[in-house]
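Numbers restart at 1 for each chain; the letters A, B, ... are given by sequence-line order, proteins then strands. Nothing here was measured: the structure is a model prediction, and the numbers come from that model.
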Amino acid sequence: MQALVVAAHGSHLNPDASDPTYAHADTVRETGAFDEVREAFWKEEPHFREVIRTLESDEVFVVPLFISEGYFTEQVIPRELRLEDWDPEKWDSEGTDASQVTLEAGDADKTVHYCGPVGTHDAMTDVIVQRAESVTNDSDVGEGVGLAVVGHGTERNENSAKAIEYHADRIRERDRFDEVNALFMDEEPEVDDVTDFFESSDVVVVPLFVADGYHTQEDIPEDMGLTEDYRLGWDVPTEVDGHRIWYAGAVGTEGLMADVLLERAADAGAELGNAVERVRAMTAGSDDAATDEPEPKAGN
Amino acid sequence: MADPTTDLESLLAAADEGVALDGLLVERTDDGTYVLETPESREAGLEGEEIERALESIPSLVSNWRYWDAIGGEGTARRAFLRWCERAPPTEDRTLEDEPLEVPERYDALEDGIVREWGQLRITGELVDGGEGERRYELRHVDDADRAREELERQENPRDARELSTYDGDGRYRPLKTAPTLRSGWVFPELSGRELVDAVEFFYPATIANWHRERRGELDVDHWLETAERQTGIYDVIDELPREAVDWMAEACCVDSQCLRRREWEYEEGDELEPEGGDGPFPCREPCSLVVAAARKWAILESEAERTYELEFTTSELNQLAELIDAVADGRTDEIREADVNDGANRYRARYLRAKRFDGDGGLEATKRE
């Protein structure tokens, strides 16, 4: 038997933080590729600490629903899962290369394949592009359009910016959008000045965040000048300094994220049958595949 | 539904390896005959048709075996929990069940429904009519015990438990799944065994696994100090929380009125915390993430030095402060009637105290004594 554990941050304060985690886990459940699928959290339940014991499977694939390699993927998750002999060196990564490492869990007789975060997987590039298609409602979006991939960025963790730049570079190489730039919340180049970095009149802005929350629904829209006050909401697109800004909200809510979970597990040796193809078909061009809800007007 | 003929065939096939469950024992011996043992009798040397006739005369034992054979998962928490649901003797240790029911009594009881409570969940196990021992489970809130099923919001998919457990009756987010604030008014009328376990796991994650470990004497408790010393980052400070503050914290957060898990962790091995651990069926094996996050706040607050202040209060005003703290701590503020000015935590009373005793900076007028 094999199990998938989706390891996410969760929140004590915001009930919506775990919505994408549940939605993508449900999409994977629908494929039947795993005997068991569990969500696990740092701030919700089941906690990382107690998730492994809830499984009957002896092979467990743990995929962190995090954007970059760093404190959570290297310290918190392995420690709380009791992964024996874990050492970040085992990922042999320069910041965006972590694939998987096979370890034993200290509290259960199981083999754990600890995977790199979803945010640095190559398949994530496709999710960003699909997010741009979703927000513009144009499956060919690209020509005459600029794309901004936005990250938190932080001086404490250089990998945070590396993940953003990695995908921006990959999308730029595809020659699909007229311009592609990586922008950040708290380092240069800053998302506040988004229109300074683009010549295209239409700019799609995709924040590389796992869930919508304070940053993606309050900070960034106000900083970019989409709205005076996030509580008033904003239009998609919104005119700012002569550019039309198509603000996508967190990429992590895109249904295709479930594909990245599967890709991570497949790279680690999970037997998936045709699950990848099924998930791609299920989530093609749709938001929140598993919930089937229409996209609410951003910011409301 | 199961076919009784197939039941017999699969039971006899299993008898090659030996069948032993809940008083039914069937073995195929080297000479190809069968041994059949029930709580009432023991027969040996039974040939093909004889064993079939004998088994047909004990349909409850046979269908009971079939149900548990289909449930499978020998030694798993899932199986142990489902057996607990119908007060079946645990396979490994009969002393774990206060009043274990043998198959005849259990089948009688299942006709009416066997009720178990798990936190605020009420589970009723029943036999499916004509289902050859197949069980169905109804799941509802304990507060809805006496309500007609039709009055309750009908739920089918175990995953819907996630939505039900996210908000309390007032629509507030429940970050702690085992807080005694589960909203009522819903029912899962017909869950299979596996679906029941899934639903319970969504309501109260990991409780079944930890309960099972505890029953087997294998619960791995991490006491306060172990948990606190493991923390890093912004939670690195929590191991500095003074010893007595950990008692206050457990009294604030971990008693039954706040969390239905039964606290099994102490300050450290051999140093028990003062407050009661609680009475719930499922254990709490280490401080949860809410306790860790709150502990950080208290560790920072407790690092401040105590000082002596001089404030002017009438005796009644001093008592009113205590009433205000009590009302907030007991979550009672919503219940205080608008015009009940006899209650010290009444809003008008609090506003009056503020008007009278606050200074221009919006705080209590107090003088620090050097």
[X] versus chain B, the contacting section by heavy-atom distance below 4.5 Å:
| X | value |
| --- | --- |
| A/Phe41 | neither |
| A/Arg53 | both |
| A/His12 | both |
| A/Leu55 | neither |
| A/Asp107 | both |
| A/Ser11 | backbone |
| A/Ala17 | neither |

Assess whether a salt bridge exists between [X] and [Y], defined as any Lys/Arg side-chain N lying under 4.0 Å from an Asp/Glu carboxylate O.
| X | Y | result |
| --- | --- | --- |
| A/Arg231 | A/Glu218 | no |
| A/Arg29 | B/Asp198 | no |
| B/Arg285 | B/Asp222 | yes |

Please classify the contact of [X] with chain A as side chain, backbone, both or neither, using a heavy-atom distance under 4.5 Å.
| X | value |
| --- | --- |
| B/Leu176 | both |
| B/Tyr167 | side chain |
| B/Ala77 | neither |
| B/Arg230 | both |
| B/Gln231 | both |

Any donor-acceptor pair under 3.5 Å linking the side-chain atoms of [Y] with those of [X]?
| X | Y | answer |
| --- | --- | --- |
| B/Thr227 | B/Glu286 | no |
| A/Thr120 | A/Arg264 | yes |
| A/Ser93 | A/Glu69 | yes |

Item to check | Option in B/Lys177, B/Glu218, B/Arg174 with maximal non-hydrogen atom pairs under 4.5 Å from chain A | outcome: B/Lys177
Next on the checklist: For chain A, which candidate among B/Thr232, B/Thr166, B/Asp220, B/Thr76 shows the most heavy-atom pairs at distances under 4.5 Å?
Outcome noted: B/Thr232
Checklist entry - When the aromatic ring centroids of B/Trp118 and B/Trp211 are compared, is their separation below 6.0 Å? => result yes
Checklist entry - What class does the angle between the rings of A/His9 and A/Phe72 fall in, given that below 30° is parallel, 30 to 60° is tilted and above 60° is perpendicular? => result perpendicular
Next on the checklist: Classify the ring geometry of B/Tyr67 against B/Tyr137: parallel below 30°, tilted from 30° to 60°, perpendicular beyond 60°.
Outcome noted: tilted
Checklist outcome for this item: Taking every heavy atom of A/Gly10 against every heavy atom of A/Glu44, the minimum-distance pair comes out as CA-OE2, 3.3 Å
Next on the checklist: Quick check on the interface: out of A/Arg49, A/Glu39, A/Lys43, A/Glu50, who has the most heavy-atom pairs with chain B under 4.5 Å?
Outcome noted: A/Arg49
